[in-house]
There are 2 protein chains.
Amino acid sequence: MSKSSPYNHDLPALLSLAFSGIIQELHEQLDKLGFEDIRPAHGFLFQRINPDGATGMEIVEHMGITKQAVSQMIDYLEKHGYVARHPHPQDGRGKIVVLTERGWALIRAREAIYAVIEQRWAALIGAERLVQLKSDLDQMIRSTNEGELPPRLRPVW
Amino acid sequence: MSKSSPYNHDLPALLSLAFSGIIQELHEQLDKLGFEDIRPAHGFLFQRINPDGATGMEIVEHMGITKQAVSQMIDYLEKHGYVARHPHPQDGRGKIVVLTERGWALIRAREAIYAVIEQRWAALIGAERLVQLKSDLDQMIRSTNEGELPPRLRPVW
DNA sequence: ATTAAATGGTCAATTGAATTGACTATAATA
DNA sequence: TATTATAGTCAATTCAATTGACCATTTAAT
């Protein structure tokens, strides 16, 4: 029995490594494309405001952090030109956070990078197995969440 | 076509959700068993010192954080009774961090909880598919890492 | 052997992304 | 109208990480 590491890689570790590996590759590529000011956590926010924008509270629900933290993150992304705050058309208290052109450029870059990664995986384990993998993960996530995909992506934990 | 969410769940999101779901369930259960003082990040440290202990620098390599951060984390875990620092038998500079009895109790609890989760997944998608899933993840991780499993678990990212 | 460089570890101060708490303005409800 | 709830921001704090400085010991070079 060959052991490639002095410690076990159980299922959680495999999931964590797979995820971290993708994120790391994503941000290496983004850095090269001039998006060095984007951190992994920002991805969760972008995922929510893409494509139609979202209010702060919608982002809060999605990310599972406080509204103050979300507000600060929006400050940062606005200052760096990725998003803009618009007044909410229906609710005078609210604002909608939308992507700027630079924000859209980031989204397109990310999608392209993800596509490359997925293609490499498909070539590696087979397109069919990749579909199966996604389906299995989907099922497993739902099973711990009353049959639904969680409405929020908890950032890491 | 039914869309269960207003936004896409791509592969990275699925991996993240699956991992986060497990970690969340793990710590809910650990809390119930009286391990409320343990945070998810500690798991990476425990994984490395189990079963034979490890030096600080070995933990550093495993976790991908600074030695100062590791030292502080060991301080915390030592203060809470999970680990102990012993002098290193060969190297007068070094120390080995080993599990205390409480540390072992935690390890056992974690393994039991993971086993339950894996069994539920096996029941859900089939034991065969679960094996395949792990094998696929293993392969994908190696493919981005020169054919090796990463020597370190980067804590989240 | 002796010196020089590298390594393992800790102490101290700082950073930075999160938190809690307090507040304003608008909306929904009684 | 008066009251309560909601969306968002400002301010201060927390806490796990960081950088920087240092000591002790081991390894390498001379």
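These figures come from a predicted structure and were not determined experimentally. So you know, we letter chains A, B, ... as the sequences are listed, proteins then strands, and number each from 1.
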Roughly, in whole Å, what's the span from CD in A:E58 to C1' in D:dG8? 14 Å
5'-most contact on DNA chain D: B:Q68 or A:T55, nearest heavy atom basis? A:T55
Using a 6.0 Å cut-off, check whether atom CD of A:E128 has over 12 heavy atoms from anything other than its own residue. no
Round to a whole Å and report the spacing from CD of A:E61 to P of D:dG8. 12 Å
Determine, for B:E118 against B:K134, whether the closest basic-nitrogen to carboxylate-oxygen distance falls under 4.0 angstrom. yes
Lys/Arg N to Asp/Glu carboxylate O, A:R120 vs A:E25, below 4.0 Å: yes
Nearest-Å distance, CD (A:Q72) to C1' (D:dT9)? 10 Å
When the distance from CD1 of A:I74 to P of C:dA17 is rounded to whole Å, what number comes out? 15 Å
According to the interplanar angle, ranging from 0 to 90°, do the rings of B:Y76 and B:H42 count as parallel (below 30°), tilted (30 to 60°) or perpendicular (above 60°)? parallel
Nearest-Å distance, CG (A:D75) to P (D:dA11)? 12 Å
Residue closer to the 5' end of DNA chain C, A:Y76 versus B:G94 (nearest nucleotide): B:G94
For the side chain of A:M57, counting heavy atoms from C-beta on, which of D:dA7, D:dT18, C:dA18 is nearest? D:dA7
Taking CD1 from A:I65 and C1' from D:dA7, how many angstroms apart are they, rounded to a whole number? 16 Å
Working to the nearest 0.5 Å, report the span between CD1 of A:I107 and CD of A:Q47. 9.0 Å
Separation of A:K67 atom NZ from C:dA22 atom P, in whole Å? 13 Å
Do the side-chain N or O atoms of B:K95 get closer than 4.0 angstrom to the phosphate oxygens (OP1, OP2) of C:dT10? yes
Closest nucleotide among C:dT19, C:dA17, C:dT7 to the B:R93 side chain: C:dT7
Distance check: side-chain N/O of B:T66 vs OP1/OP2 of D:dT18, anything under 4.0 Å? yes
Starting from C1' on C:dT19, measure out to CE on A:M73 and report it in whole angstrom. 13 Å
